[in-house]
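Below, chain A is the first sequence line, B the second, and so on; all start at residue 1.
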Amino acid sequence: MNPSSLTRLDDFTWRIEPSGRMRVPGVLYANEALVGAMDDKVREQLVNVASLPGIVQAAYVMPDAHWGYGFPIGGVAAFDADRGGVVSAGGVGFDISCGVRCLHTGLKRDDLPSLQSRLADELYRHIPAGVGSRGRIHLDEAGMEAMLAGGAEWAVAPGWGRPADLERIEERGRMTDPRPEAVSDKAKRRQRDEMGTLGSGNHYLEVQEVETLHDRATAEAFGLAEGDVVVFIHCGSRGLGHQVGTEFLRAMTLAAPEHGLELPDRELACAPIRSELGQTYLGAMRAAINCALANRQILTQLTREVFAELCPSADLRLLFDVSHNTCKVEEHVIDGQPRRLYVHRKGATRAFGPGHPDLPDAYREVGQPVLIGGSMGTASHVLAGNRQAGIQAFASACHGAGRAMSRRRALKSWQGRQLIDELRGRGILVRSPSSKGVAEEAPGAYKDVDAVVDAAEAAGLARRVAWLLPRVCIKG
DNA sequence: ATGTCC
């Protein structure tokens with residue numbers, strides 16, 4: 001995208017002025033190089049989102065944005081139901097409530113040399129990873145309903161975790177107002193054996209070291225110190241979320257004419273919030289959020305089992321769990337007036353600032369932990385939400401490095417085995433069922449996560465707290 | 001992202 005085609009507000013904020021069908025401007029948070037590297041498709045998609053009914057303030061993209069199905073990945077848009085606002089399945093994405101959680105381990109850098117290779121082998125053996133992986137839980141109809149209604153709470157009750165974990169999860173581990181009955185039988189069938197599995201694509205479980213602290217006071221509130229060993233888990237709602245997304249995209253596309261919606265792009269499927277279909281989607285999506293929260297909760301407990309076996313002194317406590325593919329009802333102050341908005345974040349992380357009532361007590365003074373997963377073999381970041389001077393993407397930040405290259409092109413450019421050897425040479429142990437998957441996820445196929453996070457911080461979206469480097473990566 | 005095409 002040519003930066004000179006945008007209005008430059010400052011070095012990290014760019015605007016597409018409203019024209020044609022746009023109801024609000026488009027705003028990009030990125031430096032000039034990141035804007036320049038973005039596909040023109042991102043601009044086109046941002047313009048389309050800005051044209052949807054009931055959109056409030058602006059359509060936003062984060063510095064890691066790239067083009068996606070309908071909405072850009074790295075996009076944020078909020079809609080007002082009172083003003084004809086819509087909910088969009090494409091604005092959430094296929095992997096509903098895909099997200100990241102970070103666990104303390106109680107271990108330090110010096111504990112790793114004797115453990116690293118056994119951790120890699122045992123985590124890989126114990127945690128189902130890859131396309132179509134199945135777990136040790138098999139849900140019957142009643143179990144499925146309870147899981148979709150209960151989220152991480154459902155998982156913790158029989159022992160997949162600790163009650164204290166729930167305080168450290170967005171929505172306290174359970175999305176309210178789910179409608180399990182709005183999830184199709186087919187979606188439920190796909191999920192029957194997939195709880196507690198990592199999946200494939202960009203999903204992973206990593207053991208990492210805290211390399212550098214940027215904000216000592218906030219790091220202390222988060223319980224992070226230099227040299228700490230932590231675990232990052234990145235995954236979502238597996239087959240169920242994908243099936244829900246697929247079915248509602250189709251239904252919303254078909255129903256657009258009867259809702260009086262003229263879609264700027266066929267892929268931009270949406271429905272009025274105040275419609276039967278809009279409400280059914282919201283209920284099904286919230287159930288899928290609970291599926292993702294339960295899934296990450298079970299994976300947490302599986303990780304604890306491995307650490308308990310290899311290193312009984314380890315104590316895996318949850319730092320936080322964030323989702324980056326959601327639509328949530330939140331109150332935001334617009335022109336001095338509080339309004340209830342349906343905030344879509346697709347490849348974007350919620351980043352509530354200090355004092356927000358929804359934050360756990362331990363983090364209320366410093367702001368929400370914002371967990372940014374890098375690409376395989378590169379850094380991850382912990383950030384914190386800022387107190388908002390105004391409305392900046394409705395308290396949102398980036399979610400990761402963001403792809404810079406298609407999977408197809410990555411496959412032509414790298415070989416999985418060779419990447420794994422190279423990473424081993426740099427002290428990073430990768431275990432994966434698919435060397436093709438590893439090639440698709442080559443670090444070089446992603447943007448520079450450090451540059452993305454620098455831009456997010458400079459744009460005022462969140463502030464850097466800690467920089468982490470991987471030592472073990474279980475790759476789906 | 002995804003039983004990588006019902």
Asks: Give one of base, sugar-phosphate or nothing for E194(A), where a contact means two heavy atoms less than 4.0 Å apart.
Replies: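 Sugar-phosphate contact only - E194(A) comes under 4.0 Å of backbone atoms but never of a base.
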Asks: Atom CZ of R189(A) and atom P of dC6(B): how far apart are they, to the nearest Å?
Replies: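 Roughly 13 Å, once rounded to whole Å.
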Asks: Quick one: which residue pairs count as a salt bridge (Lys or Arg N to Asp or Glu O under 4.0 Å) with a foot in residues 232-254 of chain A, not counting sequence neighbours?
Replies: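 Pairs touching residues 232-254 of chain A that pass the test: E194(A)-R238(A).
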Asks: Taking the six-membered ring of Y446(A) as reference, does the cationic atom of R403(A) (NZ for Lys, CZ for Arg) lie under 6.0 Å from its centre and within 45° of its axis?
Replies: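 Yes; both conditions hold, so R403(A) lies above the ring face of Y446(A).
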Asks: Quick one: side chain to side chain contact (heavy atoms under 4.5 Å, CB included) partners of H138(A), sequence neighbours excluded?
Replies: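 Only D193(A) meet the side chain to side chain contact (heavy atoms under 4.5 Å, CB included) criterion with H138(A).
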Asks: Distance check needed: dC6(B) P versus D185(A) CG, whole Å only.
Replies: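 So the CG-P distance, D185(A) to dC6(B), works out to 18 Å.
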Asks: Scan the side chains in residues 49-62 of chain A for donor-acceptor partners under 3.5 Å anywhere in the protein, sequence neighbours excluded, and list what turns up.
Replies:
{"from": "S51(A)", "atom 1": "OG", "to": "V47(A)", "atom 2": "O", "distance (Å)": "2.8"}

Asks: Taking OP1 and OP2 of dT2(B), is either one under 4.0 Å from a side-chain nitrogen or oxygen of T246(A)?
Replies: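 Indeed not, no polar side-chain atom of T246(A) lies that close.
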Asks: To the nearest angstrom, how far is E440(A) atom CD from dT2(B) atom P?
Replies: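 For the pair E440(A) CD and dT2(B) P, the rounded distance is 12 Å.
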Asks: Not counting sequence neighbours, which residues clear side chain to side chain contact (heavy atoms under 4.5 Å, CB included) with S432(A)? List them please.
Replies: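 Checked S432(A) against side chain to side chain contact (heavy atoms under 4.5 Å, CB included); matches are S434(A), V438(A), K475(A).
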Asks: Should R407(A) be listed as having a side-chain N or O under 4.0 Å from OP1 or OP2 of dT4(B)?
Replies: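 Checking R407(A) against dT4(B): no side-chain N or O falls below 4.0 Å of OP1 or OP2.
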Asks: Need to verify one output field. Residue with the more 5' nearest nucleotide on DNA chain B, S434(A) or H234(A)?
Replies: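 Counting from the 5' end, the first nearest nucleotide belongs to H234(A).
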Asks: Which ones in residues 86-99 of chain A lie close to DNA chain B, meaning a heavy atom under 4.0 Å from one of its atoms?
Replies: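 Those residues are F94(A), D95(A).
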Asks: Calculate the interatomic distance between F248(A) atom CZ and dT2(B) atom P; express it in whole Å.
Replies: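 Going from F248(A) (CZ) to dT2(B) (P), I get 19 Å.
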Asks: Please list all pairs passing the salt bridge (Lys or Arg N to Asp or Glu O under 4.0 Å) test where one or both residues lie in residues 265-289 of chain A, with sequence neighbours left out.
Replies: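 Every pair satisfying salt bridge (Lys or Arg N to Asp or Glu O under 4.0 Å) with a residue in residues 265-289 of chain A: D82(A)-R274(A).
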Asks: Whole-Å distance between dC5(B) P and R250(A) CZ?
Replies: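 From R250(A) CZ to dC5(B) P: 14 Å.
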Asks: Could you check how far CD of Q243(A) sits from P of dC6(B), rounded to whole Å?
Replies: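 Atom CD in Q243(A) sits about 9 Å away from atom P in dC6(B).
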